[in-house]
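Shown next, in structure tokens, is the structure this report addresses.
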Amino acid sequence: MADSLSTGPGDEKEKEKEGKERDRRAAKLDKSKEKDGATETLSFSDKNGDRKGRKRNLSDLSLVRFITTELTRGYFLEHNEAKYTERRERVYTCLRIPKELEKLMTFGFFLCLDTFLYVFTLLPLRVILALLRLFTVPCCGLSGSRLLQPAQVCDVLKGFIMVLCYSMMSYVDYSMMYHLIRGQSVIKLYIIYNMLEVADRLFSSFGQDILDALYWTATEPKEKKRAHIGVIPHFLMAVLYVFLHAILIMVQATTLNVAFNSHNKSLLTIMMSNNFVEIKGSVFKKFEKNNLFQMSNSDIKERFTNYILLLIVCLRNMEQFSWNPDHLWVLFPDVVMVIASEVAVDVVKHAFITKFNDISADVYGEYRASLAFDLVSSRQKNAYTDYSDSVSRRMGFIPLPLALLLIRVVTSSVKIQGSLSFMCVLLFYLGMITLKVLNSIVLLGTSCMFVKEANMEEKLFHPPPSAVSSQGASLASDIAQPTNMAESAANVLPKSDSDTFLTTPDDEDDDKIINSDTGLEGEGVSHRTPKKDLLEIDRFTICGNRID
């Protein structure tokens, strides 16, 4: 009895606890059921709301509401500020191209004019001085001294080439060639003119190599081993080249003359439209700064050559009309039309090339400084080439054939009779010398200014290495095979800001980033071919507009 009494209160407490826990569990179950029911009702109501919204949106879709939205909707350009700023800069670059391009073209035109006038003015005087030295030095008994300096040897060779080619050109009948070309159809003449342009570029590309080979063969030091075919074969090759190139330019000038004299001007229109075909062949190609420099030099040479061809056409036409000045005004509109089309094609071509390749308009200032550097460096005492030869290599403009043709046309068109005519010729020659000297002085001063603005004075005392020295350095580096990649990369990379001037930075930064990510920066730089400096490019392949 006592035990039952003692255990009774504890059992009751436990039962109370169990009952409370059951109540709690039942309350939790009821709450969860209420929540589930609420969510079911909410989802049902949402579904009903979506159905009502869909019905409402379908009712709002109308043509009037769509037109109203199209008329009133807005957008914000400032959300893409970088993109539109870049587009605006491209427009400004295209607007700057005509001004910068014409600055380069004008400077290059006077460079070509200076080289062209040199053939008529200073070259004959230099040849006479060289021949006087050749005949007077042995008579004075100075056997130990050198008879002729290398520059004088080159001048004498140029003079002999001009004399021989002019005597050969005297046998070519310009009138017969004119009537032969005039009898052809328009389409055939168009094809002939295109073939002549291609042939002119090929001749210009290979002709300077022939002349340089002759000059070096004639002036090469005798201590070296004989590794050439002789001076006379090289001289005959040079004479043949100059004569054939002069005949080619004569046919080109005759075709242009036929186009000017045609009644319906159809051939002239077709020949002018051929310039616009050049836009299609060059605008949509990838160009770097060096390639654009090539094209700019080619355009300078082409424009100057066209001016000389137009001068020849005017001389031939004025001769046929007994030098009547009224006929000059008949030719003037066609001449202006040809020049305007040439300028327009160059501007459009360069504007879109710089746009598509993201090239700044300031690059034409670098090109102008590079051409000015050639002129200034040719005035040094240790200059290794004549300026006229440097211009020939840069632009592909070889003045000897064009000057030979102009002399041939002038001598056949103008008759010199009497002492008064000789006095006029002498005054004209003195005027040409004056023009040459003034042009050279202005060009030299302008070139010094361009070189100073480009901070290229120090390069005058450290000329860029030639192709042979660069190849020798590369071979020496291959033989040495440095073990340390950091040292080899340091040898390849330029060491100062002046060495990197006028270089092409295209794809260089991307290569550095890729090499740094992969951990092969030294190896990637050492095996990559270095970018060519504009000053290191000696000769241009005019027809391909590419760098070897």
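Atom set for the values below is all heavy atoms of this structure, side chains included, hydrogens, waters and symmetry mates excluded. The chain is numbered in sequence order, starting from 1.
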Without hydrogens or angle criteria, can the side chains of Asp212 and Gln208 be said to hold a donor-acceptor pair below 3.5 Å?
yes
Would you give the length of the straight line joining atom OG of Ser370 to atom CG of Asn297, rounded to the nearest 0.5 angstrom?
8.0 Å
Out of curiosity, Ile359 CD1 to Asn291 CG, how far, rounded to the nearest 0.5 Å?
8.5 Å
Gap separating the CD atom of Gln294 from the CD atom of Glu288, nearest 0.5 angstrom:
10.5 Å
Quick note, salt bridge (charged side-chain N to carboxylate O under 4.0 Å, His left out) partners involving residues 231-260, not counting sequence neighbours, are none
Any sub-3.5 Å donor-acceptor pair from Asp200's side-chain atoms to Leu196's backbone N or O?
no
My understanding is that only residues two or more places apart in sequence, or in another chain, count here; which of them pass side-chain contact (heavy atoms from CB on, under 4.5 Å) with Ser412?
Arg316, Arg408
Just by modelled atom types, is the Ala253 backbone N or O under 3.5 Å from a matching donor or acceptor in the Asn257 side chain?
no
Closest non-hydrogen atom pair, Gly207 against Ile398
C-CD1, 3.9 Å
Who passes side-chain contact (heavy atoms from CB on, under 4.5 Å) against Phe116, sequence neighbours left out?
Phe120, Phe304, Ile308, Phe397, Pro399, Leu402, Ala403, Leu406
Quick one: side chain to side chain donor-acceptor pair (under 3.5 Å) pairs with a partner in residues 428-445, sequence neighbours left out?
Asp114-Lys436, Asp114-Ser440, Lys436-Ser440
Going by ring pair (Phe, Tyr, Trp, His ring centres under 6.0 Å), name the residues that satisfy it together with Phe450, two or more places apart in sequence or in a different chain.
Phe107
For Phe203, the ring pair (Phe, Tyr, Trp, His ring centres under 6.0 Å) test, sequence neighbours excluded, returns His245
To the nearest 0.5 Å, what is the distance between CD1 on Ile249 and CG on Leu405?
6.5 Å
Using side chain to side chain donor-acceptor pair (under 3.5 Å) as the criterion, list what pairs up with Ser413, not counting sequence neighbours.
Glu319
Polar side-chain atom of Gln184 near backbone of Ile181 as donor-acceptor pair, under 3.5 Å
no
Partner residues of Thr106 under the side chain to side chain donor-acceptor pair (under 3.5 Å) criterion, sequence neighbours left out
none
Run the salt bridge (Lys or Arg N to Asp or Glu O under 4.0 Å) test against Glu197 and tell me which residues pass, sequence neighbours left out.
none
side-chain contact (heavy atoms from CB on, under 4.5 Å) partners of Ala361, counting only residues at least two apart:
Thr93, Arg96, Ile97, Glu100
Met195, CE: over 12 other non-hydrogen atoms inside 6.0 angstrom:
no
Quick test of your reading of the model: are Arg303 and Glu102 salt-bridged, counting only N-O distances below 4.0 Å?
yes
Quick check for you: to the nearest 0.5 Å, what is the distance between Met168 atom CE and Ile247 atom CD1?
8.5 Å
Sorted by first residue and then second, give each salt bridge (charged side-chain N to carboxylate O under 4.0 Å, His left out) pair with at least one member in residues 117-127; sequence neighbours left out.
Arg126-Asp155
Test side-chain contact (heavy atoms from CB on, under 4.5 Å) applied to Ser296 - qualifying residues, sequence neighbours left out
Leu104, Leu292, His350, Tyr364, Tyr367
